[in-house]
Amino acid sequence: MAGSLLSFEPPPQDFENQLRRPEPVPAAEKPIRWGLLALLLLACFLPRLWMATVVPTLCNDGIFYLHWTMHLEQGHLGHEPNLYPMILAVLHQLSNDWELLSKTWGVLMATLTVLPLFGWMRRAFNDHIATWGCLLYSIHPEMIEWSPEMIRDQTFWFLFALSIYLLWRAVTEVHLIRFALAGVMIFLTCLTRFEGFFLWIPVVVWPLWRYRALVMQRWKLLVGGAVCVGTVPASVLIAGLLFFPQGQDWKPLISNRLSRATDFLASMEASITKPENAQAIGSPLAQETWSTGKLFKVWTHYLRRSVDAIFGVFLLIGLFRWRHVFLRADQQGQFLICLAVMGAIWVQLWYCHESSTRYALSIVLLGCPYAALGLLTAAGWIEKLSQFIVRCIPRLRPLLLNYALSLGLLFLICGSIGWADAMTSKFPHRQRMEDVGKWVQTEYGQGQQVLTTASTVLAGYYAGSPQRLAVGTHENHLLYQRLQEWNPECVVLMTAELNAEQTEQLLTIGKERGFQPVDPAELPPSCQSGLVFVLAKRPPMAMSKKPTPATH
């Protein structure tokens, strides 16, 4: 059976709309295929395990979550609860190796995501599409690349896919317990990443269409929807009692993002009604105003990198070829989530002129079935092409007779491209920051307060800085102020972050505070190309041991 599911046979022209069934779908209609699931888990696990051996150190965001977890362990809850640091704090009881913990958890969550993803796709489409969709997920380069990192995204992928799976089964089967479980999972997803709030779109859309078609147990569907929605205030209340028992003030997860959206809408309104005032209502973080054309260019760049070229081509083919399926009511919940994610990325770019390829990966999860349809469509085209070539040139029959071999090779090439793309990711900067951080610790001792920027925060971590003294990506203009306020012993920057005037200003203020630039020749070999700029209050040990030149 697994062999037939892995074949390149053409997919059906249509798929049953489960939301149009007049009666609840039987839970046992789709028996579990344990052998196939084991193969899919292995296909997902191996490239992610390999990637974990390639990644040399933590990413910049990982340091943020690491310090967040340390503060959590010390009882400082902060103002915005998040599930991922809580998980890291629990895992820290098992080992003190943060890198090993984060890689193990990330690979585990990214691998297990295939289970709910397969369960949802096989019910919304069929087992054949679900199998190929999961295989495309397993070789997606961005999904592989981010899997072993100390970030919350792998946990989000698993919870996101699990929420979709549970909600789909709850709506189609009209199952109260699954409605409650879906509500809990959606709450946990919202507690991990903001995009989890977009899951409330299918919570509204799917039951609405299901109610119209259902001729029995409509009351149960309404009760289930109420139970699903009701789990959120109940979960918020429980979380508040557990994590903020003394009435501490905490910022709701959605408030910060909503303020960004309202700022964006205010700016859009001003640009239409009062163009002369649009500049004044621009983004509060951006140092310059981007034109719509530039925003669109950067926005499409991140979307293209997130989705990946090969996956994107298959996705477009599947969407166009099965547009009669895509335009159905049962597909609009997923489509609206994707639109909301793309809109949120646009607002994020407008607000602070930065984004990440991670932000659109939920679109990849929801696009897997259509990418699988596109792959199988391309397989059909190759089959027809091979048959045409054989008819024209019979001598090529031995080479093209079994077109499945060629298609298997094509999929292998696609997978190899994805793996190669992930494995050749840019890690020299991380290694450079690790080298200079360890150098600072060796030359100045453990526990030095190191001031860094967002791009050099790894250096502070490997220097053993007891606190996270880092200015954000858009706070470099505050560097001079932080230098005076925080009074660090050492400053690590990238030379590309400052122009000549800013560098001169930094040196002037630094000298007033007792800082001197470190000779690049004293830095580790990987940092001697002039890319790293270090200020310190005293010379390194190697410099202090040099004999003073004799005076005459």
Q: Please determine whether side chain to side chain contact (heavy atoms under 4.5 Å, CB included) holds for the pair Tyr84 and Ser102, giving the CA-CA distance in whole Å, both sets of side-chain angles, and the decisive distance to 0.1 Å.
A: CA-CA 10 Å; Tyr84 184 62; Ser102 61; 4.3 Å; yes
Q: Can you check side chain to side chain contact (heavy atoms under 4.5 Å, CB included) on Tyr370 and Leu319, steps first, answer last?
A: CA-CA 6 Å; Tyr370 285 100; Leu319 288 174; 3.7 Å; yes
Q: Please confirm whether Arg48 makes a cation-pi placement over Tyr137, using NZ or CZ under 6.0 Å from the six-membered ring centre and within 45° of the ring normal.
A: yes
Q: Is the closest basic N to carboxylate O distance between Glu149 and Arg430 below 4.0 Å?
A: yes
Q: Does the distance from a Lys or Arg side-chain N to an Asp or Glu carboxylate O, for Asp61 and Arg152, drop under 4.0 Å?
A: no
Q: Apply side chain to side chain contact (heavy atoms under 4.5 Å, CB included) to Phe158 and Leu115, showing your working.
A: CA-CA 9 Å; Phe158 175 73; Leu115 297 178; 5.7 Å; no
Q: Using ring-ring contact (aromatic ring centres under 6.0 Å, His included) as the criterion, list what pairs up with Phe45, not counting sequence neighbours.
A: none
Q: My understanding is that only residues two or more places apart in sequence, or in another chain, count here; which of them pass ring-ring contact (aromatic ring centres under 6.0 Å, His included) with Trp206?
A: Trp168
Q: Could you state the interatomic distance from CZ (Arg432) to CD (Glu434), rounded to the nearest 0.5 Å?
A: 12.5 Å
Q: Residues two or more places apart in sequence or in another chain: which of them pass ring-ring contact (aromatic ring centres under 6.0 Å, His included) with Trp299?
A: Phe296, Trp346
Q: Can you check whether Val492's main-chain N or O pairs, donor with acceptor, with Thr456's side chain at less than 3.5 Å?
A: yes
Q: Run the numbers on Glu142 and Thr357 for side chain to side chain donor-acceptor pair (under 3.5 Å), then give the verdict.
A: CA-CA 8 Å; Glu142 289 296 319; Thr357 56; 2.8 Å; yes
Q: Before you tell me yes or no, could you show the steps for Val450 and Glu489 under side chain to side chain contact (heavy atoms under 4.5 Å, CB included), namely the whole-Å CA-CA distance, both residues' side-chain angles and the distance that decides it to 0.1 Å?
A: CA-CA 6 Å; Val450 181; Glu489 282 84 31; over 6 Å; no
Q: Could you walk me through whether Tyr359 and Tyr302 pass ring-ring contact (aromatic ring centres under 6.0 Å, His included), step by step?
A: CA-CA 9 Å; Tyr359 297 168; Tyr302 278 106; 7.9 Å; no
Q: Could you measure the distance from the CD1 atom of Ile139 to the SG atom of Cys44? Nearest 0.5 Å is fine.
A: 10.0 Å
Q: Can you measure from CG (Leu365) to CH2 (Trp157) and round to the nearest 0.5 angstrom?
A: 8.0 Å
Q: Quick one about Ser163 and Thr189 (side-chain donor to acceptor, distance below 3.5 Å, no hydrogens or angles considered), yes or no?
A: yes
